[in-house]
Amino acid sequence: MDKFMERAVQLAARNVNEGGQPFGAVLVKNGQIIAEGVNELHKTYDVSGHAELLAIRRAQEKLQAATLEDCIMYASGEPCPMCLTAIYFAGITKVYYCESIEDAAAAGLGKSTFIYEELKKTKEERSIDIAHMPLEKKEKSPMKLWIEG
C-alpha cells in the first residue's frame, strides 16, 4: 500500500479506537504531507467535521492558499458528496481512496448513498423543500456589490 494511503488508513483506525468514525485523510504536495484530518463529529458535533474537509482547511491555512491544485488527496474512504464538493472547490484534481461509499453503507454509514441519489433528482423531487425567494430590491444584492466591487 502507498505510504500516504497507509497513513490515511492509520488515522482512520486510530479515530475508531478513540470513538470516532473510520475516516482519515491526508493531503500531499510535492511528495510531502501538508495536512491531515479525521472525522471529528464525535468531538465537535459539527456535521462538516469530515476528514477531507479538515485536511483541506488545514492545508489552505498552512499554505495561505485559496486553492490546492498541486495537492493529492488520500482518503481511507470514498469522499462523501460534501467532501467531494470541497475537493472540487479547492481545485484538487487527484483523489485516491480505499473503501467505497458502498462499503460505508454496509457498515451502517449510508448517508452518502442517499445524498448522491438526492442530487440526481430535480429540486422538486428532493426530500428537502427548497424554494427560490428572489430579492425585492436588486440594489441590495450582494452579487451586485461583488460585481461592482
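Remark: Glu118 CD to Thr113 OG1 distance equals 11.0 Å, nearest 0.5 Å. For the atom pair NZ (Lys111) and CD1 (Ile115), the distance works out to 6.0 Å, reported to the nearest 0.5 Å. Of the inter-residue distances, the one linking Glu78 atom CD with Ile101 atom CD1 reads 4.5 Å to the nearest 0.5 angstrom. In this structure, the separation between CD1 on Ile130 and OG1 on Thr122 is 11.5 Å, given to the nearest 0.5 Å. Atom CG of Asp103 and atom OH of Tyr97 lie 9.0 Å apart (nearest 0.5 Å). To the nearest 0.5 Å, the span separating SG on Cys83 from CD1 on Ile56 amounts to 7.0 Å.
Among all heavy-atom pairs drawn from Gly37 and Leu11, the shortest one is O-CD1, 4.2 Å. Taking all atoms of both residues into account, the shortest heavy-atom contact from Leu135 to Ser141 is CD1-CA, 3.5 Å. Considering all non-hydrogen atoms of both residues, Ala59 and Ala35 come closest at N-CB, 3.6 Å. Between Ala12 and Gly24, the shortest heavy-atom contact is CB-N, 3.5 Å. The nearest pair of heavy atoms linking Met73 to Ala25 is SD-CB, 3.8 Å. Taking both residues in full, the closest heavy atoms of Glu52 and Ala75 are given as OE2-CB, 3.7 Å, listed atom of the first, atom of the second, then distance.
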Discussion item. Walk me through whether Cys80 and His50 qualify under side chain to side chain contact (heavy atoms under 4.5 Å, CB included).
Written reply: CA-CA 9 Å; Cys80 76; His50 286 204; 3.4 Å; yes
Item to complete: In sequence, state the C-alpha distance, the side-chain angles, and the governing distance for Lys144 and Glu148, and then conclude on side chain to side chain contact (heavy atoms under 4.5 Å, CB included).
Response: CA-CA 6 Å; Lys144 184 179 177 192; Glu148 294 170 353; 2.8 Å; yes
Fill in: Thr93/Glu69 under side chain to side chain contact (heavy atoms under 4.5 Å, CB included): CA gap, chis, key distance, verdict
CA-CA 7 Å; Thr93 59; Glu69 298 97 350; 5.9 Å; no
Item to complete: Go through the steps for Ile72 and Leu27 under the test side chain to side chain contact (heavy atoms under 4.5 Å, CB included), then give the verdict.
Response: CA-CA 6 Å; Ile72 300 171; Leu27 259 174; over 6 Å; no
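If you chain together hydrophobic residues whose side chains sit under 4.5 Å apart, Ile92 and Tyr96 never meet in one group. A single hydrophobic cluster is not seen to contain both Val47 and Phe23; linkage of ILVMFWY side chains at heavy-atom distances under 4.5 Å, directly or through other members, places them apart. Linking Ile, Leu, Val, Met, Phe, Trp and Tyr residues whenever their side-chain heavy atoms come within less than 4.5 Å leaves Leu54 and Val38 in two separate clusters. Clustering ILVMFWY residues whenever any of their side-chain heavy atoms sit less than 4.5 angstrom apart, transitively, puts Val28 in the very cluster that holds Met5. Residues Leu68 and Tyr88 are members of separate hydrophobic clusters, defined by side-chain heavy-atom contacts under 4.5 angstrom among Ile, Leu, Val, Met, Phe, Trp and Tyr.
Here Glu36 does not pair with Arg14 in a salt bridge; the nearest charged N to carboxylate O distance is not below 4.0 Å. Salt bridge annotation for Lys120-Glu117: present, with a cationic side-chain nitrogen under 4.0 angstrom from a carboxylate oxygen.
Glu61 contributes no side-chain N or O that, together with a main-chain N or O of Arg58, makes up a donor-acceptor pair within less than 3.5 Å. No donor-acceptor pair under 3.5 Å is formed between the side chain of Asn15 and the backbone N or O of Gly20.
Remark: the Ser48 side chain and the Arg57 side chain contain an N/O donor-acceptor pair separated by less than 3.5 Å. Side chains of Ser76 and Glu99: a donor-acceptor N/O pair is absent below 3.5 angstrom, by distance only.
For Phe89, the CZ atom is loosely surrounded, since the number of other residues' heavy atoms within 6.0 Å does not exceed 12. The environment of CG in Leu145 is crowded: more than 12 heavy-atom neighbours from other residues, nucleotides or ligands sit within 6.0 Å. Heavy atoms from other residues, nucleotides or ligands lying under 6.0 Å from CG of Asp2 number more than 12. The environment of Lys121 atom NZ is dense: over 12 non-hydrogen atoms of other residues, nucleotides or ligands sit within 6.0 angstrom.
Side chains of Leu41 and Asp46 form no contact here, defined as non-hydrogen atoms less than 4.5 Å apart. Side-chain contact between Lys123 and His132: absent, with no pair of heavy atoms (C-beta onward) separated by less than 4.5 Å. Under the 4.5 Å side-chain criterion, counting only non-hydrogen atoms from C-beta, Pro79 is in contact with Ile87.
Phe4 meets the ring-ring contact (aromatic ring centres under 6.0 Å, His included) test with Tyr74; sequence neighbours excluded.
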